[in-house]
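Okay, so here's the structure we're looking at.
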2 protein chains.
Amino acid sequence: MARPGPAHKRHTQPHTQGGTSLSRVPVRERAVTTRTSTDGARDIPEATVARLPVYLRALVTLADQGTTTCSSEELATAAGVNSAKLRKDLSYLGSYGTRGVGYDVEYLRYQIARQIGVTQDWPVVIVGIGNLGHALANFSGFRSRGFRVVALLDADEHRHGETVAGVDVRPFDDLDRMVREHGVAIGVIATPAAAAQDVADRMVACGIRSILNFAPIVLAVPDDVDVRKVDLSIELQILAYHEQRKANGADAVVPSVVPESVEQGSTARGGAA
Amino acid sequence: MARPGPAHKRHTQPHTQGGTSLSRVPVRERAVTTRTSTDGARDIPEATVARLPVYLRALVTLADQGTTTCSSEELATAAGVNSAKLRKDLSYLGSYGTRGVGYDVEYLRYQIARQIGVTQDWPVVIVGIGNLGHALANFSGFRSRGFRVVALLDADEHRHGETVAGVDVRPFDDLDRMVREHGVAIGVIATPAAAAQDVADRMVACGIRSILNFAPIVLAVPDDVDVRKVDLSIELQILAYHEQRKANGADAVVPSVVPESVEQGSTARGGAA
DNA sequence: GCCGATTTGTTCCCGCGTTCACAAGGCTCT
DNA sequence: AGAGCCTTGTGAACGCGGGAACAAATCGGC
């Protein structure tokens, strides 16, 4: 298996950093240049794109608290980054601040939401309505952040007819129809690992080009399909690695360190939220 | 707030890439050098650490299929990376391959597991037993990948006494006792955003230094605490961004960009919230 | 015992991302 | 109006990570 020679139609996408992977297309490039819309945001670095949602959330929080204006320093603290990075990130999408003053919270919030594309709702389909699928379907952050669950699908017919968060669970074979009827562009895979590749294949066949995968498996998809991966055990293992290093560096092993524990300020809530 | 001047005891950690964040300590360094154990693996790059669990999983899969030896090319394909990167990654933990032959699957599997620290189980506590908490508690990948859920905690007393995946749901106040009794080093937060910071504070006070956070909020923790974040809506928003670009680049699907409507002052109650 | 085939481990180079530091611009007070 | 202060936006330096290419080493055959 895995000959280096022939070029397969599908290939396993390269991993980027941080536990999530995204297949980008380095080849096609496509000289769009002046075809986006009104703004001058052609290519925003991937690292910046990954932080924009964090800024957006921080801005919503600030707005809810009644803040109308904020400096890059304040917003950076709320978002957990340093202010230089924040300013550079924002500079990729235009000059939306006022020197000497800061940013208008509402205005910047709208601009970022527009850039990300969450000013209107994206229809989403979730496949695999087990424990995780239930949790995802009930997740309130969906509707409040620019996404709408339009279909829940599961191969297990015992689950058909059940209603989760106001949406009926349907047979997996309805995927094609659901995608067509609702114009679904984003699919979420919450199935066991064994089924994930098949589900992904079907999604791709239906025209879905953006997939969020919770199954612990590396999906093989065509180049123009984006796959982001959320993998619980990988995250835990990364933590374990650092924990082990801490333990080795200081005292012996696991039994942890309880002794002088509570010296920390405890309830000293920081600036953010 | 958020003056650059004074150094706070706790600070909001910087974000790394890919939707997960990890607070690393650039200061302490601590010249350990010769104190790890038998091997010579001092500092493994963060990007490599993030991929080791992927390799480990690929190796387990290969072993299950009966493969006893594999080349870097094969393993790389199974893990979704290119072979050069794989070899470089593995070189950070030592020379465990045989030139001209490849890697012994079982041997390499053990070496990686040892490096990550999952040769024995890590006791884990989960706080917040809602939909997500249920899903996590039932997640089989826990036990099979070096972790053991030793406690489920929830502030809601209606959930106390319930048993999920063989573990009783207990009051949140039992955290300290559970941590001490079982030597818990890793905590998982699956609470609503509003409660997450309090939970994190308590965890830190109990001596937990590794936290996996599912709540959509930036946690403020001391420097020596690692926080990894899993955020569904951020992942979706990143997908939405790319999806929007695809749509804009090709045809004009999806109502897409609202005119240039919102200018500075307006209330612009845009999409989110 | 030697040679060729094969695959690892490593070195070098390039590009991205982060950070520093400062110039540019706007607001306020006199 | 002008000076001083404040904050944004950006140019440049720097370090890390990725990828290709190559040297080192092992196996098998003659």
Table of protein N/O atoms under 3.5 Å from nucleotides 7-11 of chain D N/O atoms:
unit_1: dT7(D); atom_1: O4'; unit_2: G100(A); atom_2: N; d: 3.1
unit_1: dT7(D); atom_1: O2; unit_2: G100(A); atom_2: N; d: 3.3
unit_1: dT8(D); atom_1: OP1; unit_2: S72(A); atom_2: N; d: 2.5
unit_1: dT8(D); atom_1: OP2; unit_2: S72(A); atom_2: OG; d: 2.6
unit_1: dT8(D); atom_1: O2; unit_2: R99(A); atom_2: NH1; d: 3.3
unit_1: dG9(D); atom_1: OP1; unit_2: Y96(A); atom_2: N; d: 3.4
unit_1: dG9(D); atom_1: OP1; unit_2: G97(A); atom_2: N; d: 2.9
unit_1: dG9(D); atom_1: OP2; unit_2: Y103(A); atom_2: OH; d: 2.6
unit_1: dG9(D); atom_1: O4'; unit_2: R99(A); atom_2: NH2; d: 3.2
unit_1: dG9(D); atom_1: N7; unit_2: R87(A); atom_2: NE; d: 2.9
unit_1: dG9(D); atom_1: O6; unit_2: R87(A); atom_2: NH2; d: 3.3
unit_1: dG11(D); atom_1: O6; unit_2: K88(A); atom_2: NZ; d: 3.4

Contact list (N/O, under 3.5 angstrom) for nucleotides 28-30 of chain D vs protein:
none

Please report the distance, rounded to the nearest Å, between NZ in K85(B) and P in dG15(C).
17 Å

Given atom CG of N82(A) and atom C1' of dC20(C), what is their separation to the nearest angstrom?
10 Å

Answer yes or no: is there a donor N or O on one side and an acceptor on the other, between the side chain of K246(A) and the main chain of D224(B), under 3.5 Å?
yes

Suppose we screen for side-chain contact (heavy atoms from CB on, under 4.5 Å). Which residues come up paired with T98(B), at least two apart in sequence or across chains?
V101(B)

Whole angstrom value for the distance that separates C1' of dT10(C) from CG of D89(B)
13 Å

Tell me, please, which residues at least two apart from Q111(B) pass side-chain contact (heavy atoms from CB on, under 4.5 Å).
Y96(B), Y107(B), R114(B)

d(CG, L86(B); C1', dT7(C)) in whole Å:
12 Å

Intermediate values then yes/no, side-chain hydrogen bond (donor to acceptor under 3.5 Å, both in side chains), S210(A) and R228(A)
CA-CA 8 Å; S210(A) 296; R228(A) 290 195 69 86; over 6 Å; no

Under the side-chain contact (heavy atoms from CB on, under 4.5 Å) test, residues paired with A200(A) that sit two or more places apart:
I189(A), Q197(A), I211(A), L219(A)

Restricting to ring pair (Phe, Tyr, Trp, His ring centres under 6.0 Å), what partner residues turn up for Y110(B), sequence neighbours left out?
none

Spacing of I44(A) atom CD1 relative to dG17(C) atom P, expressed in whole Å
12 Å

Nearest-angstrom distance from the residue atom CD of E74(B) to P of dT6(C):
14 Å

When you measure from the side chain of E74(A) to the backbone N and O of S71(A), does any donor-acceptor pair fall under 3.5 Å?
yes

From Q237(B) atom CD to E235(B) atom CD, the distance as rounded to the nearest 0.5 Å
10.0 Å

